[in-house]
Amino acid sequence: MATIVQCLSSCATLESQFKVLSIKGISCSSSSSSFSTRRASSAAVCSSLSFSQSVSQCVAFSSGNMWEQKPMRQLIVCEATAPTKKADSAAKRARQAEKRRIYNKSKKSEARTRMKKVLEALEGLKKKADAQPDEIVSVEKLIGEAYSAIDKAVKVKALHKNTGARRKSRLARRKKAVEIHHGWYVPDAAAASEAVTMAA
């Protein structure tokens, strides 16, 4: 509303160009009233008009007996600047390598821990004089857990597949040597001597 009043008051000062302003049949003569009277009457006339907030400037001109006003929009140009510094790829690779190193270290450590538990259990079972065949079941459960940890380490490539196979073979040979030691397993003579030699 304030914008309309300003437009009408500026039009009223141009007496040489605009003699009569007329909106909806109500006219206000510029020569017959003072400036304040013209401003008040223009505000009363334009009180029923409403404009959107996007109108930034009014241009008024007369076309015969009709008053027209056209909005003019102002364009605002925004320039987006690209970031001057790019992400350092070497630093990102270093972070990724550190993350993988910690993950692989945990997988290898778990495999070694499981193997150590199996070897300690087999060593204790071998030294036990009155060991029973049922006691090997608990050791076989530990061997299964160790196999699982080794396979997981091989799957994520923390260990080479040949290294995983070699470690599982080591556990199997130690278990067979304990069974031969207590007489729970009787292989051929050649295989028995080989198993005893490998376990030692």
Side-chain angles (χ1 to χ4, degrees), residues 2-3 50-57 71-200:
T3 307
S50 62
F51 296 91
S52 64
Q53 296 180 355
S54 62
V55 176
S56 59
Q57 187 177 1
M72 292 181 62
R73 300 176 185 271
Q74 294 180 351
L75 299 177
I76 300 174
V77 180
C78 298
E79 294 182 0
T81 57
T84 56
K85 186 178 179 182
K86 292 185 178 180
D88 191 1
S89 59
K92 183 178 179 180
R93 286 296 178 187
R95 292 194 302 270
Q96 291 175 343
E98 181 64 18
K99 190 183 296 185
R100 285 195 300 269
R101 185 188 69 82
I102 293 172
Y103 182 76
N104 292 340
K105 183 179 178 182
S106 67
K107 291 296 180 182
K108 290 190 284 187
S109 176
E110 182 182 2
R112 281 196 302 266
T113 303
R114 300 288 185 184
M115 286 183 63
K116 186 182 290 186
K117 287 183 179 180
V118 171
L119 295 176
E120 288 176 354
L122 288 173
E123 191 66 26
L125 189 60
K126 185 178 181 180
K127 291 179 179 179
K128 192 173 182 181
D130 55 346
Q132 299 297 323
D134 296 338
E135 295 182 20
I136 199 70
V137 175
S138 60
V139 178
E140 288 177 349
K141 184 178 179 181
L142 294 176
I143 291 175
E145 293 175 356
Y147 280 10
S148 177
I150 292 170
D151 289 338
K152 287 179 182 178
V154 171
K155 184 178 180 181
V156 299
K157 298 183 180 180
L159 289 177
H160 193 272
K161 60 180 181 178
N162 293 349
T163 304
R166 190 174 62 247
R167 292 186 178 182
K168 290 196 289 185
S169 176
R170 182 187 304 171
L171 297 179
R173 289 197 311 268
R174 292 290 180 91
K175 173 178 172 282
K176 186 174 286 189
V178 171
E179 290 175 342
I180 292 172
H181 176 73
H182 287 291
W184 302 331
Y185 176 73
V186 181
D188 298 335
S193 62
E194 182 182 356
V196 171
T197 306
M198 296 294 267

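Excluded from the calculations below are hydrogen atoms, water molecules and symmetry mates; all remaining heavy atoms, backbone and side chain alike, are included.
Listed by first and then second residue, the salt bridge (charged side-chain N to carboxylate O under 4.0 Å, His left out) pairs that reach into residues 134-146 are R114-E145, K128-E135, E140-K175, sequence neighbours excluded. For the salt bridge (charged side-chain N to carboxylate O under 4.0 Å, His left out) condition, the pairs that include at least one residue of residues 147-157, sequence neighbours left out, are D151-K168.
To the nearest 0.5 Å, the span separating CG on N104 from NZ on K99 amounts to 13.0 Å. Rounding to the nearest 0.5 Å gives a distance of 5.5 Å between CD1 of I150 and CG of L171. With rounding to the nearest 0.5 Å, the separation of NZ in K176 from CG in L122 is 13.5 Å. Interatomic distance, R166 CZ to L159 CG, rounded to the nearest 0.5 Å: 9.5 Å. Rounding to the nearest 0.5 angstrom, the gap separating the OG atom in S148 from the CD atom in E110 is 7.5 Å.
Remark: side-chain polar atoms of T113 are paired, donor with acceptor, to backbone N or O of S109 under 3.5 angstrom. The main-chain N or O of L125 is found under 3.5 Å from a side-chain atom of H182 such that the two form a donor-acceptor pair.
Closest heavy-atom contact between A131 and W184: O-CZ2, 3.6 Å. Across every non-hydrogen atom of A149 and A111, the tightest pair is CB-CA, 4.0 Å. Closest non-hydrogen pair, E179 versus I136, comes out as OE2-CG1, 3.9 Å.
R173 and S169 form a side-chain donor-acceptor contact under 3.5 Å, judged by distance and modelled atom types alone.
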- Query: How far apart are the C-alpha atoms of E123 and K126, what are their side-chain angles, what is the distance that settles it, and do they pass the salt bridge (charged side-chain N to carboxylate O under 4.0 Å, His left out) test?
  - Reply: CA-CA 5 Å; E123 191 66 26; K126 185 178 181 180; 5.7 Å; no
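For the pair E98 and R95, the salt-bridge criterion is not met [side-chain N within less than 4.0 Å of a carboxylate O].
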